[in-house]
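This report concerns only the one structure given below.
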Amino acid sequence: MQPLPRSLDPLHDESLVGYVLRLAYRAGSTPAEITVRTGLRRTELSGLSLRPLRDLDPGQLQKFSTATSLTPSEARGLLLAGLAPRYGPLDLSLTKGRTAQALISGNEWASFRNTRYCPECLFGSGTEIEQLLGGAWWRLWRVPAVFVCCRHQRILSTRCSGCGQPAQVSKPGHAILHLRGSASPPMQEQHRTEGHPHWHPPAARYDQTDPPSGHPPDAITLDAVLRLQERIETLLTTAPDGATATFGRRVPVGIYFFDL
């Protein structure tokens, strides 16, 4: 496995899918080529399964790290398995009798085929690289317990404002819908033109604030929701001893999310 001519540093809490989309766009390539050249897929004919979103085997991790010039720790930081010690629904040791594949395909408490998102986060923070490629698609957005952007004080969006489909939705068993599509900005909708081979509607952008659906929460409700989300994110990322109280006793954070 040879290093790519150009690579990228991961953004904070960036997901594997988001990183691949940013890398493909920067390289003027396609997700199909990038996933083969980084060892995520064996051949151009195979799809990108959902398994790499959770974890990579040691051989895959080494190939991916070498191709992208990342350290193994940086590469692991893109994977959902990194959340498992604090998020029980992703932890095989807490899901007795389930294989990794069963955990992925039948898990309602982790989103492998679509994601929530914050348009303002995807717009980027104003750094040079984010002005060019946009902000990160966060790993935490694939955890159903994360439903609010505390930074921008808004409920996370779930669907594309253009086509109405779930954000980054993929076919069953596949992590990216259009692997072979032309290089497009990572914050741009992937066209769904099946049945319409000559029709290419204007692509919607996930980094453009979508109109609110339904009634926005009042100030008191929003404050309560933000405090709840801040507590959940603290437990998922920075809880001091990896434990918290539930039903009057101290338990590992991973157990807490099962109770929740």
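In this structure a side-chain-to-backbone donor-acceptor pair under 3.5 Å is missing from Arg113 to His174. Checked by atom type and distance alone, the side chain of Arg139 never pairs as donor or acceptor with a backbone atom of Leu80 at under 3.5 Å. The backbone N or O of Pro89 sits less than 3.5 Å from a side-chain atom of Asn107, completing a donor-acceptor pair. Under a 3.5 Å cut-off, the side chain of Gln188 and the backbone N or O of Pro185 do not form any donor-acceptor pair. Side-chain atoms of Asp91 do not come within 3.5 Å of backbone N or O of Pro85 as any donor-acceptor pair. Proximity of a side-chain donor or acceptor of Asp13 to a complementary backbone N or O of Leu140 within less than 3.5 Å is detected.
The heavy-atom pair separating Leu78 from Pro10 by the smallest distance is CD2-CB, 4.0 Å. In terms of heavy atoms, Tyr19 sits closest to Asp9 at CE1-C, 4.3 Å. Looking at every heavy atom in both residues, Asp55 comes nearest to Ala81 through CB-CB, 4.0 Å. Across all non-hydrogen atoms, the minimal contact from Pro119 to Arg154 is CD-CZ, 3.5 Å. Contact record, Ser65 with Pro72: OG-CA, 3.6 Å, taken as the closest heavy-atom pair. Residues Gln60 and Leu40 share a closest heavy-atom pair of NE2-O, 3.9 Å.
When side chains are defined from C-beta on, Arg116 counts as touching Pro144, because their heavy atoms get closer than 4.5 Å. By the 4.5 Å heavy-atom criterion applied to side chains, Ile176 and Ser170 are not counted as neighbours. Between Glu233 and Cys150 the shortest side-chain heavy-atom distance falls below 4.5 Å. The shortest distance between side-chain heavy atoms of Thr158 and Pro166 does not fall below 4.5 Å. At a threshold of 4.5 Å between non-hydrogen side-chain atoms, the residues Pro52 and Leu16 count as touching.
Here the SG-CD distance, from Cys160 to Gln165, works out to 8.5 Å after rounding to the nearest 0.5 Å. To the nearest 0.5 Å, the span separating OG1 on Thr246 from CG on Asp259 amounts to 4.0 Å. With values rounded to the nearest 0.5 angstrom, Leu235 atom CG is found 5.0 Å from Thr244 atom OG1. The distance from atom CG of Leu50 to atom CZ of Phe112, rounded to the nearest 0.5 Å, is 7.5 Å. The distance from atom CG of Leu53 to atom CG of Leu48, rounded to the nearest 0.5 Å, is 6.5 Å. The line from CG of Leu8 to CZ of Arg22 is 5.0 Å long, rounded to the nearest 0.5 Å.
Both Leu132 and Val20 are assigned to one and the same hydrophobic cluster, defined by single-linkage of ILVMFWY side chains at heavy-atom distances under 4.5 Å. Residues Leu260 and Leu236 are members of one and the same hydrophobic cluster, defined by side-chain heavy-atom contacts under 4.5 angstrom among Ile, Leu, Val, Met, Phe, Trp and Tyr. When hydrophobic clusters are built by joining Ile, Leu, Val, Met, Phe, Trp and Tyr residues whose side-chain heavy atoms come closer than 4.5 Å, directly or via intermediates, Leu11 is not grouped with Leu70. Both Leu228 and Ile155 are part of a single hydrophobic cluster, where members link through side-chain heavy atoms under 4.5 Å apart. When the side chains of ILVMFWY residues are joined at heavy-atom separations under 4.5 Å, either directly or via intervening members, Phe123 and Leu21 end up in two distinct hydrophobic clusters.
For residues 143-167, no pair satisfies ring-ring contact (aromatic ring centres under 6.0 Å, His included), with sequence neighbours left out.
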Would Leu4 and Leu23 satisfy side-chain contact (heavy atoms from CB on, under 4.5 Å), going step by step from the backbone distance to the final call?
CA-CA 10 Å; Leu4 296 171; Leu23 184 56; 3.8 Å; yes

Using the rule given for side-chain contact (heavy atoms from CB on, under 4.5 Å), can you reason through Val143 versus Ile232, listing the C-alpha separation, both sets of side-chain angles and the distance that settles it, and then say yes or no?
CA-CA 11 Å; Val143 172; Ile232 288 173; over 6 Å; no

Take Arg76 and Leu61 through the test side-chain contact (heavy atoms from CB on, under 4.5 Å) and record every step on the way to the result.
CA-CA 8 Å; Arg76 280 192 294 267; Leu61 183 67; 3.3 Å; yes

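Side-chain atoms of Thr234 and Glu230 form no donor-acceptor pair, as typed in the model, at a separation below 3.5 Å. Checking Gln168 against Arg142 by side-chain atom types alone, a donor-acceptor pair falls below 3.5 Å.
With sequence neighbours excluded, the residues forming a ring-ring contact (aromatic ring centres under 6.0 Å, His included) with Trp138 are His12, Trp141, listed by chain and number. Shown here are the side-chain hydrogen bond (donor to acceptor under 3.5 Å, both in side chains) partners of Ser49, two or more places apart in sequence or in another chain: there are none. The side chain to side chain contact (heavy atoms under 4.5 Å, CB included) check on Thr127 picks up Ser125, Ile129, Glu130, with sequence neighbours excluded. Shown here are the ring-ring contact (aromatic ring centres under 6.0 Å, His included) partners of Phe257, two or more places apart in sequence or in another chain: Tyr87. With sequence neighbours excluded, the residues that form a salt bridge (Lys or Arg N to Asp or Glu O under 4.0 Å) with Arg37 are Glu33. Arg54 is linked by a salt bridge (Lys or Arg N to Asp or Glu O under 4.0 Å) to nothing, counting only residues two or more places apart in sequence or in another chain. With sequence neighbours left out, Phe64 forms a ring-ring contact (aromatic ring centres under 6.0 Å, His included) with no residue at all. Residues forming a side chain to side chain contact (heavy atoms under 4.5 Å, CB included) with Val36 (at least two apart in sequence, or on another chain): Arg41, Glu44. With sequence neighbours excluded, no residue forms a side chain to side chain contact (heavy atoms under 4.5 Å, CB included) with Arg42. In this view, Pro217 and Thr221, Leu222 satisfy the side chain to side chain contact (heavy atoms under 4.5 Å, CB included) rule, not counting sequence neighbours. With sequence neighbours left out, Arg250 forms a salt bridge (Lys or Arg N to Asp or Glu O under 4.0 Å) with Asp241.
Taking the six-membered ring where tryptophan is involved, the planes of Tyr117 and Trp137 are tilted, since the angle between them lies from 30° to 60°.
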